[in-house]
2 protein chains.
Amino acid sequence: MDAMTSLTPDLGIKTLHEGYANGASPARMIDAVYARIEEVGDPGIFITLRDKADVVAEAAALPAFDPVAYPLWGIPFASKDNIDVAGLPTTAACPAFAYDATEDAFVIARLRAAGALVIGKTNLDQFATGLVGVRSPYDIPRNAIDPDIVPGGSSSGSAVAVAQGIVTFALGTDTAGSGRVPAALNNIVGIKPTLGLLSASGMVPACRTLDTISIFATGIADGWQALTVASGHDPADSYSRPLPAPALDMPPVPVIGVPDAASREFFGDTVQEAAFAAALDRLAALGAQIVEVDLAPFYAVAEMLYSGAWVAERMAAIEELMRTNPDAVHPVTRQIVGAADDLSAADAFRGIYRLMDLKRATEPTLNRIDMMSVPTIPTFYSRADLDADPIGPNSRLGTYTNFVNLLDMCGLAVPTAPRSDGRPGSVTLLAPAGKDGLLASWAAAIETDAAISPGAGLSRPAPLVTDATSPGPEEMLVAAVG
Amino acid sequence: MDAMTSLTPDLGIKTLHEGYANGASPARMIDAVYARIEEVGDPGIFITLRDKADVVAEAAALPAFDPVAYPLWGIPFASKDNIDVAGLPTTAACPAFAYDATEDAFVIARLRAAGALVIGKTNLDQFATGLVGVRSPYDIPRNAIDPDIVPGGSSSGSAVAVAQGIVTFALGTDTAGSGRVPAALNNIVGIKPTLGLLSASGMVPACRTLDTISIFATGIADGWQALTVASGHDPADSYSRPLPAPALDMPPVPVIGVPDAASREFFGDTVQEAAFAAALDRLAALGAQIVEVDLAPFYAVAEMLYSGAWVAERMAAIEELMRTNPDAVHPVTRQIVGAADDLSAADAFRGIYRLMDLKRATEPTLNRIDMMSVPTIPTFYSRADLDADPIGPNSRLGTYTNFVNLLDMCGLAVPTAPRSDGRPGSVTLLAPAGKDGLLASWAAAIETDAAISPGAGLSRPAPLVTDATSPGPEEMLVAAVG
């Protein structure tokens with residue numbers, strides 16, 4: 001397949017880099033990207049789309065193609081609009097909050113330094129508060145699979161941009177599931193890194209103690225490549241951690257905890273329930289040892305995210321706007337964040353104590369498994385469902401995501417075989433902080449096994465190349481030009 | 001010296017164990033302890049003193065003397081009255097708050113299991129809020145050195161009990177300096193362990209994220225022995241950390257950071273200033289490499305403790321009492337804790353963010369030194385000073401202690417040569433979490449060098465036996481009975 005001429009271009013890093021090695025120019029890729037944007041015709045995806053000429057000029061100014069020195073050379077990506085890109089406004093989907101970013105966020109700068117080309121800034125649930133993607137004053141992005149279904153959020157535009165084949169990867173952010181739920185709803189991969197692996201410098205905070213930038217891609221290999229480039233310690237972000245560089249890690253027989261019968265919650269969606277059971281069968285077939293675990297303490301943690309003190313972090317992030325211009329805030333967001341007014345500092349500390357107690361309660365479970373596998377979402381909700389009840393369906397979408405960041409776990413949502421009704425399947429792998437490489441390795445096995453066409457019928461992603469079989473730089477160059 | 005008959009008994013573990021090995025009975029030791037209590041005649045030290053007969057009976061029920069199996073066999077100690085001892089009330093120096101403890105605190109249980117004998121529960125600044133020791137509805141303990149001076153707090157009774165030769169060691173607690181300031185004011189050792197090394201199960205919290213039980217002793221060896229017995233992971237306390245057992249550790253040439261000229265603050269007390277300078281000269285003479293450091297970011301942390309959000313933790317601990325029976329709370333304590341009412345949950349999180357930023361700012365300093373040495377207290381205050389201003393002198397006493405727990409550092413206050421006016425000298429060694437053994441090792445060198453008579457003219461403590469020169473169990477037994 002020619003990556004440069006198809007209406008739905010194959011934007012996989014491997015494909016694009018093979019093209020560049022054969023003399024293709026990034027300008028042709030950029031043409032294809034903007035043609036695809038036009039073809040998709042969804043005004044809700046981007047809040048700010050860069051002028052094509054600017055991107056072409058930036059591509060032309062790249063050093064010579066060298067995929068070792070510049071592992072993302074000529075790779076188009078998008079960023080959620082709560083992350084700064086120099087020269088573009090950052091809105092966080094709130095025009096009254098918007099400011100012109102003068103510097104790239106730390107992560108953006110690293111991606112661009114590796115040759116990646118930012119195409120635009122994507123829509124989101126305002127201030128990254130929501131899992132549905134409809135809480136924005138801009139046009140709502142259309143779900144890439146089924147426009148009746150919500151696109152998912154809060155990283156709605158980023159997920160849809162990837163699922164529609166507009167960019168190779170996109171940055172989201174994830175506090176309560178915003179990097180995973182839209183991945184499931186749009187049939188793509190969502191990497192929710194360990195907190196502090198990706199710097200939050202230049203990101204509008206939601207809950208600063210729980211936030212991370214996240215990565216959407218059609219496949220594990222591309223997402224992992226973006227993650228390894230984007231990660232790195234940032235002394236300017238106090239929540240950036242001096243973690244080792246993420247490394248792939250595949251245990252021979254991983255022990256995977258899965259929700260026991262009492263812990264499975266699909267809100268009546270028996271199709272989703274069956275799809276999850278089938279996905280677990282595949283895990284076992286792939287050689288995992290499956291262990292049923294009780295999610296009760298995990299759910300107790302999840303309840304704290306919106307009913308507990310952490311909503312006050314959202315208030316801390318936007319308090320000036322909430323006090324001086326509350327009407328500028330989306331009414332649903334205003335209602336949610338406003339709940340912080342009932343919380344005292346003593347309440348905050350009581351919440352922190354309770355979280356410590358609940359963390360302790362989850363330890364015996366986490367100590368006996370390598371990772372967990374949960375449904376990414378319990379069911380699907382339509383835009384009509386959200387019109388009828390803007391909060392309930394949103395909360396239910398977070399069933400399997402809300403506890404993760406509070407427990408300092410990393411997560412990775414990966415497509416599985418479609419449900420019996422054709423809707424996308426997805427499981428999320430979860431592990432304690434620092435185990436990102438374990439999740440990616442095993443998710444790659446799931447991806448290869450599922451063999452789906454991701455997003456809106458895009459090309460199957462290139463397989464993840466694990467370190468053991470990875471060619472050295474010279475071999476890669478030979479392969480690319482051979 | 002005969003430990004059992006002197007009016008001021010030598011209650012050192014080594015001395016007592018030599019006596020027991022030679023056939024002395026704990027009952028004689030207990031007689032000496034109660035005689036000493038009577039001789040001291042300070043009704044402010046203990047809130048609850050056990051009946052002597054109960055202690056004698058407990059001692060009689062101990063297994064046969066075996067200092068290896070029971071390293072605290074027959075060793076008398078006291079506990080601050082915010083730590084539970086089964087069968088005794090826990091008051092936290094607030095009669096309206098008092099309850100009858102039905103179980104020993106985790107740490108008390110460990111000490112007793114090692115053969116230690118609890119004598120009573122000691123006075124404190126109510127709810128461990130204060131560094132002065134005068135914020136109690138009970139009689140105020142008299143400073144063991146100079147009754148005009150405040151005893152120091154909040155662990156006032158425990159420090160005085162040790163300094164008066166009533167017990168071998170005593171438990172305090174330390175949130176802002178309560179385990180160090182009274183040590184300096186009473187000329188004894190105060191060990192402020194790494195947070196989470198000693199379980200807080202059965203302790204009345206002050207600021208649960210910052211609290212630790214602490215240990216007073218006349219010398220490092222006895223304090224270290226108590227610490228190693230008391231420490232241990234407690235799954236029931238979410239803030240207990242699975243740390244390695246504390247181990248002595250003496251670098252050949254420790255790099256010790258000391259406050260630079262601009263960071264030294266003695267509030268006009270030039271005698272204290274000179275004493276600290278002399279103490280630093282001794283550190284250099286002992287072989288340390290002295291590095292001057294700027295304490296500005298450390299002081300910025302300290303300011304957050306009472307002016308920032310953490311006062312809300314104190315409110316969280318006693319909110320029910322503050323709401324239902326505020327008059328039962330000491331007026332100064334009520335004023336301090338009541339400030340939490342002006343703090344929202346968003347304020348709490350902003351405080352947490354600022355602390356993270358400040359922690360980051362201290363890292364370059366901490367990364368280039370092994371430990372810090374600071375004055376334990378900047379100056380001395382009299383009870384009259386506190387009558388005139390109940391808050392200012394208290395705050396100033398915390399100059400070199402308030403930042404420590406917020407920065408997750410361990411600390412150890414050790415007597416140095418007396419000041420030129422005869423008042424006790426003291427420095428505190430500080431290091432990052434987990435370095436307790438480093439502090440004890442180096443403090444032992446300071447102790448040996450200073451060669452003072454601790455407390456109110458007590459026997460010089462036995463030197464700390466470092467692992468390298470420590471006799472094995474059999475040798476110990478031979479030495480004890482030989």
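Below, chain A is the first sequence line, B the second, and so on; all start at residue 1. Predicted model, so just to flag it, every value in this text is computed and none were measured. All values below come from the heavy atoms of this structure, side chains included, with hydrogens, waters and symmetry mates left out.
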Is E103(A) atom CD crowded by more than 12 heavy atoms from other residues, nucleotides or ligands, each under 6.0 Å away?
no
Please name the residue in the list E363(B), K359(B), M356(B), R354(B) that meets the side-chain contact (heavy atoms from CB on, under 4.5 Å) test with S238(A).
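Of all the options given, the one that passes is M356(B).
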Just so I understand: if I count every heavy-atom pair under 4.5 Å between each of D357(B), L358(B), L343(B), D341(B) and chain A, which residue has the most?
D357(B)
Which of the residues A346(B), A317(B), A361(B) is involved in the greatest number of heavy-atom pairs with chain A at under 4.5 angstrom?
A346(B)
Proximity breakdown for I352(B) and chain A, heavy-atom pairs closer than 4.5 Å
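Contact with chain A: backbone and side chain both.
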Please find the pair of heavy atoms, one from A345(B) and one from A312(A), that lie closest to each other, and give the distance.
CB-CB, 3.4 Å
If I measure from the heavy atoms of chain B, does D347(A) come under 4.5 Å with its side chain, its backbone, both, or neither?
neither
Side chain / backbone / both / neither for E319(A) at chain B, heavy atoms under 4.5 Å:
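Side chain only.
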For R360(B) and D237(A), indicate whether the former's side chain and the latter's backbone hold a donor-acceptor pair under 3.5 Å.
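Yes; at least one donor-acceptor contact below 3.5 Å.
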Option that, when pairs with chain B are counted at under 4.5 Å, heavy atom only, ranks first among P235(A), S344(A), C207(A), A348(A)
S344(A)
Side chains of R208(B) and F349(A) in contact at under 4.5 Å (non-hydrogen atoms)
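They are not in contact (no side-chain heavy atoms under 4.5 Å apart), so the answer is no.
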Nearest 0.5 Å, what's the CZ-CE distance between R350(A) and M315(B)?
9.0 Å
